[in-house]
Amino acid sequence: MTDSQKSDETVDGTASETPKPPTPASMKPSARPRPTPAAMAPKHAAASTVQTVVAAPPVHSTPLSEAAKWGRVAEDGHVFLILDGEEHPVGQYPDAPADEALAYFVRKYDDAAAQAALLEQRVEAKAPSTDMHKTLEHLRAQVAERHMVGDIPALEARLDSLDTAIAALQRSEKDAQEAQRSAELAAREAIVAEAESIAGKDPATVQWKTSSARMNELFETWKTAQKNGIRLGRGTEDALWKRFRSARTVFDRHRRAYFSQLDSDNAAAKSAKEALIARAEELSNSTDWGPTAGEYRHLMDEWKSSKRASRKDDDALWARFRAAQDKFFAARQAANQAIDQEYAANLVVKEALVAEAQALLPITDLGAAKKALQSIRDRWEEAGKVPRGDMQRIDGGLRKVEDAVKAAEDDQWRRSNPETKARTNSALSQLETTIAGLEEDLSKAERQGDERKIADAREALEARRQWLDTLQKSAQDFS
């Protein structure tokens, strides 16, 4: 490079007028502002809801004694960068001491080093990597222009390391984004799957209030995920949305059909029960107590077997039906109470007759008992009816005595039955003959000394004697 070319190089390395020497205050390395995290952060970070805060790196100023190893100032104010023994012109700082000229270009190096340090801190803090490569390339370009004085090889090595670190950070961010996308996809698919499960249930088994609330919750969750969640790609989101929308459509169609059918069923049930109410109300004034009570039982059976209307309608219908029944049965009860008062005197008479009949027990003289019982029966019929609540008790008391008399008659007939007596006597005769024969067999066996025959004869003889004793007792009953 010729001297004329060197003199044409300006302070900032561009072909322009030679600048005026800076004031002393502006030449101090510490007076120059350092890049801030906000200035170096990617442009999109301002719009992010969560930002990584990176502290500004400590201010570093290269001492001139250190910088002297990397630069030289000519007498005319030209400054040179020394790399591997070779000088590279970086610019001219005329009309100033050599230290001031060198310090000016060292500050440019310090500024680049500060930007590199800030970028390193952002990488270390795992800040969003957007525009990091752009910042790195900008630094590389600045360093490559050689318009600064300092340890350029060390700075370039740091930039190379940054290149590797940024690439690793971007891969990590990509993996994290993929993981988030997978999680978001799984969450959306879970929403769709649950919606499809609800829509696929048999409408007759669905709890519509609970299921409708849950379907609305799923829709709100979907909208929140659509608004705030990570993007899944238009194709994927459209496919999931179509499935979700289809499930909601099917569910809504089933719900409308179910409630439409329910309204129809309610109307039919209401009509059927109103017909039963009309019949019940027609019977409510009847005084034909027995048959009408039977009709009400039939109406109740029909009511129980009929379908239910809506709860509100069914409760109102039942109140009307029950009111008609209550009117009839209240009238019947009042009539029965009047009859019971009328029959109260008859009850006193029949209670006395029951006591008279029970005095015949136990039966000792069947003939006298039968005669007395017939007299009681005649007076029983003359006494008339008793109150309904006492009928079973009073009739049961007399029936107990009647049953005892009948049992005595049956026993007497069994004892005096000629046919039975004849069979008994015949059996006695045959048994006595058999016993006589067995006694002879026993005597013969004893004479012979045959123990086996003796044992058999004794066993047979004992059995026949027991039978004979039983028959004799039965014969005595006939005597």
Side-chain angles (χ1 to χ4, degrees), residues 37-38 41-54 122-134 166-267 307-315:
K43 294 180 180 178
H44 77 288
S48 176
T49 56
V50 178
Q51 298 182 6
T52 302
V53 178
V54 180
R122 289 178 58 202
V123 173
E124 181 67 22
K126 299 188 183 303
S129 64
T130 308
D131 291 342
M132 279 189 181
H133 263 304
K134 184 177 180 180
I166 291 171
L169 178 60
Q170 288 177 333
R171 288 195 297 272
S172 176
E173 288 177 344
K174 183 178 180 181
D175 292 342
Q177 288 175 352
E178 286 299 321
Q180 290 179 353
R181 186 179 183 280
S182 296
E184 181 70 18
L185 178 60
R188 298 280 191 94
E189 288 178 338
I191 293 173
V192 174
E194 185 176 353
E196 290 175 337
S197 175
I198 294 173
K201 290 181 179 179
D202 181 358
T205 64
V206 173
Q207 297 291 332
W208 292 105
K209 183 176 181 180
T210 302
S211 296
S212 296
R214 182 54 184 160
M215 192 66 85
N216 289 335
E217 289 174 2
L218 291 175
F219 183 54
E220 293 301 321
T221 303
W222 178 277
K223 290 195 297 184
T224 300
Q226 185 74 16
K227 180 179 180 181
N228 301 325
I230 190 171
R231 292 294 177 259
L232 303 176
R234 186 177 184 85
T236 301
E237 290 188 351
D238 286 350
L240 289 172
W241 168 247
K242 287 179 181 178
R243 288 174 56 194
F244 185 51
R245 182 180 59 190
S246 176
R248 294 178 67 232
T249 300
V250 170
F251 176 80
D252 189 55
R253 184 170 65 248
H254 286 173
R255 184 181 60 182
R256 289 198 304 271
Y258 174 83
F259 283 103
S260 176
Q261 184 62 45
L262 186 63
D263 290 342
S264 177
D265 292 344
N266 286 344
K307 292 183 179 180
R308 288 183 60 85
S310 67
R311 182 167 184 171
K312 180 179 179 180
D313 290 339
D314 215 62
D315 289 347

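The first residue of the sequence shown is numbered 1, and numbering continues consecutively from there.
Annotation: salt bridge (charged side-chain N to carboxylate O under 4.0 Å, His left out) contacts of D314 (sequence neighbours excluded): K273, R308. Remark: D238 pairs with R234 by the side chain to side chain contact (heavy atoms under 4.5 Å, CB included) rule, at least two apart or across chains. Residues forming a side chain to side chain contact (heavy atoms under 4.5 Å, CB included) with D265 (at least two apart in sequence, or on another chain): Q261. Residues that satisfy the ring-ring contact (aromatic ring centres under 6.0 Å, His included) test with Y258, not counting sequence neighbours, are W208. In this structure, the side chain to side chain contact (heavy atoms under 4.5 Å, CB included) partners of T221, at least two apart in sequence or on a different chain, are I191. Under the rule for a side-chain hydrogen bond (donor to acceptor under 3.5 Å, both in side chains), the partners of K223 that lie at least two apart in sequence or sit in another chain are E220. Shown here are the side chain to side chain contact (heavy atoms under 4.5 Å, CB included) partners of D202, two or more places apart in sequence or in another chain: A204, T205.
Nearest heavy-atom pair, A195 versus L218, reported as atom, atom and distance to 0.1 Å: N-CD1, 3.8 Å. Taking all atoms of both residues into account, the shortest heavy-atom contact from V123 to L169 is CA-CD2, 4.3 Å. P128 and R122 get closest at one heavy-atom pair: O-NH2, 3.5 Å.
For residues 205-216, the set of pairs meeting the salt bridge (Lys or Arg N to Asp or Glu O under 4.0 Å) definition, not counting sequence neighbours, comprises E194-R214, R214-E217. A salt bridge (Lys or Arg N to Asp or Glu O under 4.0 Å) check over residues 240-261, counting only residues at least two apart or in different chains, returns the pairs E196-R243, D252-R255, D252-R256. Legend: salt bridge (Lys or Arg N to Asp or Glu O under 4.0 Å) pairs involving residues 166-179, not counting sequence neighbours: none detected. Note on residues 180-190: pairs passing side-chain hydrogen bond (donor to acceptor under 3.5 Å, both in side chains), not counting sequence neighbours, are E184-R188, R188-Q226.
Here the straight-line distance linking atom CZ of R231 with atom OG1 of T236 works out to 13.0 Å at 0.5 Å rounding.
Between the side chain of S211 and the backbone N or O of Q207 there is at least one donor-acceptor pair closer than 3.5 Å.
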